[in-house]
Amino acid sequence: GGNTSISLAEVAWETVFENQLRENPKAPWRESEHASSSAADSRRREDVQLPRESGWRWNGEWEVVDGGWMHFDGTGWGVGAEAAVTATWKRRKWRRKRVRGGDSSGGGGGGGG
């Protein structure tokens, strides 16, 4: 009998951008919730919920992607120290994996977490 069925997990990534602005290169950085043009980029990590459809669960915690802060110096995005000196906007990208299906069937017990 070669009728083994393997259930594969569905995987999706949630992505948010953390933005900080300052009025000039000597001013302190401050959190900004509206530094981005698209609605998806203006979400915060704590705003992100699992989809309403059943079966989704988080797989891991939020992690920083692409090496951390990227700085916008008026001409483009840069990751170097020079861009950081003159930048008035910086952001970093976070992502978190969620999965549905796969090995979650059976077992149970122990309560949530």
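Please read all numbers here as calculations on a predicted model, not as lab measurements.
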ask   = Just by distance, do the side chain of Arg98 and the backbone of Glu14 share a donor-acceptor pair under 3.5 Å?
value = no
inquiry  = Please determine whether residues Leu50 and Val11 belong to a single hydrophobic cluster, defined as Ile, Leu, Val, Met, Phe, Trp and Tyr linked transitively by side-chain heavy-atom distances below 4.5 Å.
reply    = no
query = When you check the gap from the basic side-chain N to the acidic O, do Glu63 and Arg95 get nearer than 4.0 Å?
reply = yes
inquiry  = Quick check with a 6.0 Å cut-off and a 45 degree axis cone: is Arg22 positioned over the face of Trp89's six-membered ring?
reply    = no
query = Centre of Trp29's six-membered ring, under 6.0 Å away, within 45 degrees of the axis: is that where NZ or CZ of Lys90 sits?
reply = yes
Check: Trp94 ring centroid to Trp13 ring centroid under 6.0 Å = no
query = What distance do Trp62 atom CH2 and Thr15 atom OG1 have between them, rounded to the nearest 0.5 Å?
reply = 7.0 Å
task = Mark yes or no for whether Arg44, through its side chain, and Phe17, through its backbone, hold a donor-acceptor pair below 3.5 Å.
result = no
message = Working note: Trp58 + Arg96, criterion side-chain contact (heavy atoms from CB on, under 4.5 Å); need CA distance, chi angles, decisive distance, verdict.
response = CA-CA 8 Å; Trp58 291 116; Arg96 191 177 186 185; 3.4 Å; yes
task = Return yes when atom CD of Glu10 has more than 12 non-hydrogen atoms of other residues, nucleotides or ligands closer than 6.0 Å, and no otherwise.
result = yes
query = Do other residues, nucleotides or ligands put more than 12 heavy atoms under 6.0 Å from the CD atom of Glu46?
reply = yes
ask   = So do Leu21 and Thr88 actually touch side chain to side chain, heavy atoms under 4.5 Å?
value = no
inquiry  = Looking at every heavy atom in both Val85 and Pro25, which two are closest together, and how far apart are they?
reply    = O-CB, 3.4 Å
same_hphob_cluster(Val64, Val48) at 4.5 Å side-chain heavy-atom cutoff = yes
ask   = Taking the side chain as C-beta and beyond, is there a heavy-atom pair between Trp69 and Val79 under 4.5 Å?
value = no
Minimum-distance pair of heavy atoms, taken over all atoms of His71 and Ala87 = CB-CB, 3.5 Å
query = With a 4.5 Å heavy-atom cut-off, do Arg45 and Asp47 have their side chains touching?
reply = no
query = Between Arg91 and Glu18, is the closest basic N to carboxylate O distance under 4.0 Å?
reply = no
